[in-house]
Each structure stands twice: as structure tokens, then as C-alpha cells.
Amino acid sequence: MYVGLKPCDLHMNLEQALQHLQPDAAEAQVMESFAPPFLEALGFGHSERFSQFPVGKKPKVDYAARKNIGEDIFSQSLKHPYLYVEVKGRSKNLEDSNHTHYREASQQLKEYLLAPASKSVKWGIITNSLHVQLFHKHGKVVYPVTPCLSLDNDVKSIIKDLRRRIESPSRALIVAIYNNKGGVGKTTTTLNLATTLTLLKKRVLIVDFDPNQSDLGDALNLAPFQGKFLNILKSKDPNIREVITEHKLEHPRVKEPPSFDIILADEQLANLFDEAKLSQHLKLHALRRVLKSVQDDYDYILIDAPPNWRLFAKKAIFAADAVLIPARHDNLHSLQNAGTAITQFIPEMQKERQQFGESGPIALPIFMNNTFKPTSPAILLMRQAIAKIIQDAKINHNGFDLKPYFYPKSSKGHENCKMISIPYMACISRADFMHMPAAFAFKPAREQYLNLVKEYFL
Ligand SMILES: Nc1ncnc2c1ncn2[C@@H]1O[C@H](COP(=O)(O)OP(=O)(O)OP(=O)(O)O)[C@@H](O)[C@H]1O
Ligand SMILES: [Mg+2]
């Protein structure tokens, strides 16, 4: 029905469909009248979409879509879907991210996107024809890339924006490694995750955004910048390539050493300004804007954030798509601070990002970086402390459930309180003295970080 229409006709069809839909249209009506012109406007023709697409054994996502490739007609082959759309009736509240309707719809979409049959799917949309939100899937991470957009506003520009994003090449996932408690393994994790991902042939950039310590560069025996990165952050038209250094993982037996890129810390960021002046000079979005300019060149960009909730930490979290939070089982403050980051700091930056027409960042589950081998009584103490943190968050933050962040593997009716962790390993701290990432120098460390990569990313 929509074949061969010009873009303006497509918008007209969509706009007409929106005008004719009843204010309380049920899901079936939204599916019938809104979803086809919506997908058409997003660039998926009649044979490039399929309704009630089987994802696993039982569940079916409302729509799957993919451009036809030569003779491979998507609606016939049903192979390699690219986009899923989960449709709801207009009575479902998708506008308020705290509403159960929104939580259920986004969770449902996330499950579809992460199903084994959805490997090729990169994008997901939830919509009730009043609101629409786009999610990106990067490996195992599903995160929103737009806020929930109201279709009452300029539909044309919303469609244009969604289309631009969906059609763009896959971009790096930007991850900030953060806990406002010091010494929990942020720098160590950044370095070793970067190394492990590099060994898996991913293109990785790491950013030392802790200028007061510049530990990341120290760990590799690299001297910090003296103003170069500051200038890039201040510049309206930054040439970020000027501050990117290639770091080769050299070994006598490796002929072609793998490498990742690094942006070193800038001592002038730490020395030159006080906090008030610094915030005048460097806007909150400075780091994100700079990193976005090279986002297509990498698979992962990892930011080592400082242990506080001041300007650099805020910029690092603001810049990220996802935040990875290490904590220590034997350090109460690191557990409490992990909870605070998720219930307060990250939502604070989510609000700021909305002002830029963006969504996120999301918090990834917390992991225990076990700086000491835990004994059973220590584990019991930790679990009691976590139970209290979870309970307090529910009371103080409007029912916020921290449990999936501490115990990501426990499912409903299943009290499997397993955590993600990296054990204490002497070789991890020894590697600091060798100025080499432990995951490169020591096989047992590499195996541990490979597990971490599999838990979170691949
Ligand atoms: N799993 C581990 N096993 C053994 N030692 C570890 C482990 N993780 C981190 N360490 C060591 O713990 C110390 C602190 O780690 P790291 O510097 O990464 O923490 P941080 O959170 O970045 O600290 P800061 O808040 O000061 O930036 C380092 O000496 C590091 O080598
Ligand atoms: Mg550090």
C-alpha cells in the first residue's frame, strides 16, 4: 500500500494515521493503523517488516524490520532482523520512566533484544503512538538513546532523528568506570577491560579522566598532558586525534603487538582552576561532545573516573552510555556509594542529558572487586549490609529496586543471590609495578577479565 511513496507522502500517511487514531486506541488499533506508516516513515517498506515476529520459542515481538538485501526479502526469509518495535495501546503510560507500564515495556523489549535469536538486531523501539523511545543494543548492553519523545510535537523531525540514528553505523559503547569511594579498582578495571577487549580484536579507546591522580597513564608509564587535553575540551571544534596515543601491548614473542588508544590525563585540568572557574570554562557536556566525534572509530570507549562526585566525575558519567561500578565486599562505603551512584548520581546526569535531547546513561550491575579473599563471615556481613542498602533505597527513592544491580542473576521466585566478581589476585597489583596490564602479563588475570567481559559486554 505504501510502496513507491515519497518521503513527504510517508509523513502525511503517518500524520493522518495519528489524527485518525482514537485518543484511547487499544493496542490492536495502534498495531493496525499506526505501526505500518510509522515503520514506512522509518524507511522499512512493506516487504521489509513483519508483524508478530517469533523471537524465542514462544514470545513474539510486535514488529521486526530489516532492509531487503538483493534477493533476500525480509518478510519472506525472516533472517537477520535489524530493528524490533514493541507496540502498546494508548492507555499504557510510556511517558513516565518510573511508571510500571514503562518499566514493563522497556524490560520486555530488552528481553527480546537479548534473546539468542536476536543477534543481528541492533535497535529497538517502544511506542504507544503517543510516545516513542529508541533503544540501542551494543553486545549485551541495551540502553536508551533518545528520551521518550512525544509524537504530539514535530513528527517529521522526530522521524528524521530516529532514522538518522538507526541508519548510522554501529558506534562505540561509552562506559564510565565509577565509584565515589577510592581504591575499589576503577583504574585497574579500565585498563584490564581495555586489554581484554583489545585481545578480542575490539577497537578500544581509554580515557584517563582523573587528572588529580593520572593513575591510568602511570600504570602504563606514560606522562600526563600539560594543557593539550584541556584545550581540546574547551575547543568548539576539537581535533581529538591530537590527544590520542596508540599504546602497543609489546611482548618479545608477539610480532604484531595488539594496541588500544589512550587519552592521558591533563595535569593542567587539576592544577589551573578552582572548581567554580573550571565549570565556567568546561561545560558539563565537554567530554561527551569530544568523545562523540570519534565514537564511530571504536567499539568501546572506557573512561576512568575519579573517586568523588565533583566536576570530572560528573562529566565522565554525563559522557557515558553505561556506568560500570566496582565495589569491595569488605568496604561498606564502597557498597553504599555504589547504591548512591545508582539511585542519585546517575539519575541526576540522566536529567541533564534530557536537556540535550538525549537519554541515559544506564547503570550496569555492580561488581565486587575482591581486594581480599572473602571469608564466610565477611560474606555474611556484606549480604546484611546490602540488604539494608536495598531496603533504604526502596524507602528513600520511591520504591527504587537496587536488588538487580547487586544480584543481577537472581530471577523472580529464584533466590539465587550470585554477584559478579573479580577475585583478589596478587598478580593484578604486581602488574602495576611492571607497568603492564595484568590481563596481558598474566593468564589467570586474563581469564578473570574475560569472564567480566562476557558478563557485561559480549
Ligand atoms: N582484583 C584485584 N586483586 C588484587 N589487587 C587489586 C585488584 N583490583 C585492584 N587491585 C589493586 O588495588 C589498588 C587500587 O586499585 P585502583 O587504583 O584500580 O583503584 P581506584 O578505584 O582506581 O582508586 P582511586 O579511587 O584512587 O582512583 C591497586 O594497587 C590495584 O593494583
Ligand atoms: Mg583510579
Side-chain angles (χ1 to χ4, degrees), residues 119 138-141 169-177 185-210 213-225 228-229 240-265 291 294-305 322 324 326 367 369-371 420-458:
K119 263 198 174 148
H138 186 292
K140 272 188 170 177
V141 182
S170 74
R171 318 199 81 198
L173 182 73
I174 306 179
V175 184
I177 292 87
K186 296 179 287 294
T187 305
T188 308
T189 306
T190 308
L191 192 57
N192 286 297
L193 279 181
T195 302
T196 311
L197 288 163
T198 301
L199 295 175
L200 293 168
K201 306 228 176 317
K202 301 293 175 196
R203 296 164 302 163
V204 183
L205 169 68
I206 55 177
V207 185
D208 189 341
F209 215 56
D210 185 4
Q213 302 195 92
S214 50
D215 283 348
L216 197 59
D218 263 8
L220 298 170
N221 216 7
L222 300 169
F225 288 125
K228 222 171 163 184
F229 190 26
I240 185 179
R241 286 275 150 217
E242 280 178 19
V243 287
I244 293 179
T245 314
E246 184 188 17
H247 183 76
K248 288 190 175 156
L249 294 163
E250 309 262 12
H251 190 279
R253 269 181 284 155
V254 182
K255 268 197 192 135
E256 283 180 31
S259 66
F260 52 73
D261 283 352
I262 177 166
I263 299 180
L264 292 158
L291 295 182
V294 284
Q295 206 177 1
D296 286 337
D297 301 343
Y298 298 98
D299 299 307
Y300 293 89
I301 299 177
L302 309 179
I303 309 166
D304 182 20
L324 180 58
F367 80 95
N369 191 40
N370 283 339
T371 310
I420 302 175
S421 65
I422 288 273
Y424 167 81
M425 293 182 109
C427 67
I428 292 180
S429 47
R430 192 164 6 121
D432 284 348
F433 293 90
M434 298 159 64
H435 297 296
M436 223 186 238
F440 185 62
F442 302 106
K443 195 171 170 221
R446 183 153 62 246
E447 281 166 5
Q448 290 301 331
Y449 285 103
L450 187 61
N451 284 341
L452 205 64
V453 162
K454 286 185 189 161
E455 287 289 358
Y456 285 108
F457 302 121
L458 296 174

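Given the structure is predicted, the values throughout are model-derived calculations rather than measurements.
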- [ ] Say whether, by atom type as modelled, one donor and one acceptor occur between the side chain of His247 and the main chain of Ser259 under 3.5 angstrom.
- [x] no
Task: Audit row: Ile301, Val175, side-chain contact (heavy atoms from CB on, under 4.5 Å) steps and yes/no - done: CA-CA 6 Å; Ile301 299 177; Val175 184; over 6 Å; no
Open item on the list: With heavy-atom distances below 4.5 Å as the criterion, would you say the side chains of Leu291 and Ile240 are in contact?
Closed with: yes
Task: Side chain Lys140, main chain Lys454, donor-acceptor under 3.5 Å - done: yes
Task: Considering all heavy atoms, the nearest Phe225-Val243 contact - done: CZ-O, 3.5 Å
TODO: Just do the side-chain contact (heavy atoms from CB on, under 4.5 Å) check on Arg446 and Leu199 with the steps written out, would you?
DONE: CA-CA 10 Å; Arg446 183 153 62 246; Leu199 295 175; 3.5 Å; yes
Task: Pairwise side-chain contact, Pro257 with His251, heavy-atom cut-off 4.5 Å (strictly under) - done: no
Task: Asp297 bridged to Arg241 by N-O distance under 4.0 Å - done: yes
TODO: Indicate yes or no for a side-chain donor-acceptor contact from Gln448 to the backbone of Ile422 under 3.5 Å, with no hydrogens or angles considered.
DONE: no
- [ ] Assert yes or no for the condition that the ring centre distance of Tyr300 to His138 is strictly below 6.0 Å.
- [x] yes
Open item on the list: I need the minimum non-hydrogen distance between Asp210 and Ala265, along with the two atoms involved.
Closed with: O-CB, 4.4 Å
TODO: Report yes if the side chains of Ile262 and Ile244 come closer than 4.5 Å at any heavy-atom pair, otherwise no.
DONE: no
Task: Leu216 CG to Leu222 CG distance, which is reported to the nearest 0.5 Å - done: 9.0 Å
TODO: Would you check, one step at a time, whether the test side-chain contact (heavy atoms from CB on, under 4.5 Å) holds for Phe229 with Ile263?
DONE: CA-CA 8 Å; Phe229 190 26; Ile263 299 180; 3.7 Å; yes
- [ ] Answer yes or no: is there a side-chain heavy-atom contact under 4.5 Å between Leu191 and Leu220?
- [x] yes
- [ ] Give the minimum heavy-atom separation between Arg203 and Asp296, together with the two atoms involved.
- [x] NH1-O, 3.8 Å
Task: Close side-chain approach of Phe442 to Arg430, heavy-atom, < 4.5 Å - done: yes
TODO: May I ask you to test the Thr245-Asp261 pair for a side-chain heavy-atom distance under 4.5 Å?
DONE: no
Task: Side-chain donor/acceptor of Asn192 to backbone N/O of Ala439, under 3.5 Å - done: yes
Open item on the list: Rounded at 0.5 Å granularity, tell me how far OG1 in Thr198 sits from NZ in Lys248.
Closed with: 13.5 Å
Task: Close side-chain approach of Lys202 to Leu458, heavy-atom, < 4.5 Å - done: yes
TODO: Any chance you could measure Phe260, atom CZ, to Leu197, atom CG, to the nearest 0.5 Å?
DONE: 10.5 Å
- [ ] Rounded to the nearest 0.5 Å, what's the gap from CE on Met434 to CG on Asn221? Could you check?
- [x] 12.5 Å
Task: Non-hydrogen atoms of Ile428 and Pro423 that approach each other most closely - done: CD1-O, 4.4 Å
Open item on the list: Restricting to non-hydrogen atoms, name the atom on Asn370 and the atom on Ser421 that form the minimum distance, rounded to 0.1 Å.
Closed with: ND2-CB, 4.1 Å
Task: Nearest heavy-atom neighbours spanning Leu249 and Phe440 - done: O-CZ, 3.2 Å
Task: Audit row: Asp299, Val204, side-chain contact (heavy atoms from CB on, under 4.5 Å) steps and yes/no - done: CA-CA 6 Å; Asp299 299 307; Val204 183; 5.9 Å; no
Task: Interatomic distance, Thr188 atom OG1 to Ile177 atom CD1 [nearest 0.5 angstrom] - done: 11.0 Å
TODO: Step by step, work out the side-chain hydrogen bond (donor to acceptor under 3.5 Å, both in side chains) result for Thr187 and Asp304.
DONE: CA-CA 6 Å; Thr187 305; Asp304 182 20; 2.7 Å; yes
Task: Separation of Ile206 CD1 from Thr190 OG1 (nearest 0.5 Å) - done: 7.0 Å
Open item on the list: What I'd like to find out is whether the side chain of Thr195 reaches to under 4.5 Å of the side chain of Tyr449, using heavy atoms alone.
Closed with: no
